2 protein chains.
Amino acid sequence: MIETFAALADPNRFRIVELLRSGPHAVNDIGERLQLNQPQVSKHLRVLKEAGLVDVQPRAQQRLYELRAQPLRQLHEWLERYHQLWDERFEAMDELIQELQQEEKSHGRSKK
Amino acid sequence: MIETFAALADPNRFRIVELLRSGPHAVNDIGERLQLNQPQVSKHLRVLKEAGLVDVQPRAQQRLYELRAQPLRQLHEWLERYHQLWDERFEAMDELIQELQQEEKSHGRSKK
DNA sequence: CGGACATATGTCCTGATGGGCATATTGTGG
DNA sequence: CCACAATATGCCCATCAGGACATATGTCCG
């Protein structure tokens with residue numbers, strides 16, 4: 001999970017991932033489209049690969065890199081544990097908490 | 001988006017976020033639970049706050065930090081653009097692509 | 001087999017970041 | 001208003017990561 005975040009935290013890697021969303025791409029292709037030097041692309045792809053975010057596939061003398069679903073799916077699952085945070089139900093509860101805190105601020109503790 | 005990833009890419013910040021999922025916490029409280037020095041906690045909270053992931057609320061002489069939904073919701077939206085990646089539909093298409101590549105490997109291009 | 005193309009790796013430099021520690025700041029209650 | 005509790009900042013250090021550049025590795029084709 002952390003490795004996924006770390007991999008996506010770099011702007012250029014993020015751009016690469018976004019590019020790969022449209023399908024597999026070769027290293028040079030990525031470099032040209034994103035205006036990056038080839039070695040940098042390779043290095044970023046390495047990080048992405050070690051994070052499990054991409055997969056390689058030899059294709060003549062080029063390597064086609066493509067996105068892998070697993071880490072993103074996993075990220076999605078992690079996020080779901082936070083879903084309650086943006087439920088309306090929760091937002092109402094949020095207000096309730098604020099209210100309680102307000103109360104405790106004015107008087108030590110009372111009301112029921 | 002990138003700032004969100006960067007904020008979550010640090011192990012201790014990640015732990016803080018996970019802790020805050022259960023509700024607002026004071027700085028010292030976080031420090032004790034996660035076994036971190038107070039200054040470190042404050043610094044991490046600062047990063048989280050600048051990333052919009054948490055919000056502060058004074059409470060006597062302590063500060064209660066709580067999670068904010070927005071960045072997580074945003075992250076969720078971003079992820080949805082990748083949903084096709086793990087649809088069965090897409091996985092079938094994936095195989096098709098592999099197949100095509102196999103073909104092109106063996107013979108320049110044929111079969112229809 | 002040799003050269004050309006595509007990609008990977010190594011080195012060097014620099015800026016950013018986390019941790020530890022000391023210290024400043026701020027709010028609170030008496 | 002003071003002393004203290006809770007938190008924020010500043011400073012120093014060590015580590016790390018990304019960029020530029022040179023070079024190694026690998027693969028296909030004539």
Side-chain angles (χ1 to χ4, degrees), chain A residues 2-20 24-51 53-66 101-109, chain B residues 2-20 24-51 53-66 101-109:
Chain A
I2 298 231
E3 207 179 358
T4 303
F5 286 132
L8 294 170
D10 177 80
N12 286 327
R13 274 193 304 265
F14 184 81
R15 289 168 66 206
I16 292 179
V17 168
E18 292 265 87
L19 175 58
L20 291 187
H25 286 264
V27 179
N28 270 338
D29 188 18
I30 297 174
E32 286 168 21
R33 297 196 195 233
L34 304 187
Q35 292 281 86
L36 298 173
N37 297 328
Q38 177 267 316
Q40 279 320 82
V41 179
S42 285
K43 285 181 191 171
H44 283 311
L45 285 171
R46 196 211 240 274
V47 176
L48 289 174
K49 185 172 177 208
E50 284 174 351
L53 273 163
V54 302
D55 215 348
V56 211
Q57 220 180 306
R59 158 71 149 228
Q61 61 264 65
Q62 31 186 21
R63 306 293 146 105
L64 292 188
Y65 282 84
E66 66 179 347
Q101 289 175 342
Q102 278 295 77
E103 267 179 59
E104 254 182 272
K105 186 168 231 154
S106 36
H107 37 284
R109 171 214 305 193
Chain B
I2 297 230
E3 207 180 359
T4 303
F5 286 131
L8 294 170
D10 178 80
N12 286 327
R13 275 196 301 267
F14 184 80
R15 290 169 64 207
I16 292 179
V17 168
E18 292 266 88
L19 175 58
L20 291 187
H25 287 264
V27 179
N28 270 337
D29 189 17
I30 298 174
E32 286 168 21
R33 296 195 196 235
L34 304 187
Q35 292 281 87
L36 298 172
N37 296 328
Q38 177 267 316
Q40 278 321 80
V41 178
S42 285
K43 286 179 192 173
H44 283 312
L45 285 171
R46 193 201 238 286
V47 175
L48 289 174
K49 184 169 177 212
E50 284 174 350
L53 273 164
V54 301
D55 215 349
V56 209
Q57 220 180 304
R59 158 74 148 225
Q61 61 264 68
Q62 29 185 22
R63 307 293 146 103
L64 292 188
Y65 282 85
E66 65 180 348
Q101 288 175 342
Q102 277 297 78
E103 267 178 60
E104 255 182 90
K105 186 169 235 154
S106 35
H107 36 285
R109 172 215 303 193

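The model shown is predicted, which means the values in this text are computed figures rather than measured ones. Residue numbers start from 1 in every chain, and the chains themselves are labelled A, B, ... in the order their sequence lines are given, proteins ahead of strands.
- Remark: C1' of D/dA6 and CG of B/Leu64 are 11 Å apart, rounded to the nearest angstrom.
- Residues A/Asn12 and A/Gln40 form no side-chain contact, since every pair of their non-hydrogen atoms from C-beta on lies 4.5 Å or further apart.
- Using a distance-only test at 3.5 Å, with no hydrogens or angles considered, no donor-acceptor pair links the side chain of A/Asn37 to the main chain of A/Pro39.
- In the interface, the side chain of B/Gln38 is paired with the base of D/dA8 through a donor and an acceptor atom under 3.5 Å apart.
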Pairing pattern in dot-bracket form [Watson-Crick, G-U; both distances under 3.5 Å; | = partner strand] for DNA chain C:
||||||||||||||||||||||||||||||

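- OP1 or OP2 of D/dA8 has at least one side-chain nitrogen or oxygen of B/Tyr65 nearer than 4.0 Å.
- Counting heavy atoms from C-beta outward, A/Leu8 and A/Leu53 have side chains that approach closer than 4.5 Å.
- B/Gln38 places a side-chain heavy atom less than 4.5 Å from the side chain of B/Val27.
- Within the 4.5 Å cutoff, the side chain of A/Asn28 has no heavy atoms near those of the A/Gln62 side chain.
- Atom P of nucleotide D/dA5 and atom CD of B/Glu32 are separated by 14 Å, given to the nearest angstrom.
- In terms of heavy-atom proximity, A/Ala6 sits nearest to A/Arg13 at O-NH2, 3.3 Å.
- Looking at every heavy atom in both residues, A/Pro58 comes nearest to A/Arg63 through CA-CD, 4.1 Å.
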When you check every protein heavy atom under 4.0 Å of nucleotides 14-21 of chain D, what one-letter string (B, S, -) results, 5' to 3'?
----SBBB

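- Distance, B/Ile30 CD1 to D/dA8 C1': 14 Å, rounded to whole Å.
- Residues A/Ile30 and A/Leu45 are in side-chain contact: their nearest non-hydrogen atoms beyond the backbone lie under 4.5 Å apart.
- The distance from atom NZ of A/Lys49 to atom C1' of C/dT7 is 13 Å, rounded to the nearest whole Å.
- In this structure, B/Gln61 places its CD atom 7 Å from P of C/dG29, rounding to the nearest Å.
- Side-chain atoms of B/Gln62 and base atoms of D/dA5 include no donor and acceptor less than 3.5 Å apart.
- D/dT25 atom P lies 14 Å from atom CZ of A/Arg63, rounded to whole Å.
- Considering every non-hydrogen atom in both A/Arg15 and A/Leu34, the closest pair reads NH2-O, 2.9 Å.
- If you take CG of B/Leu48 and C1' of C/dT17, they are 14 Å apart, rounded to a whole angstrom.
- Regarding A/Asn28, its CG atom lies at a distance of 12 Å from the C1' atom of C/dA8, rounded to whole Å.
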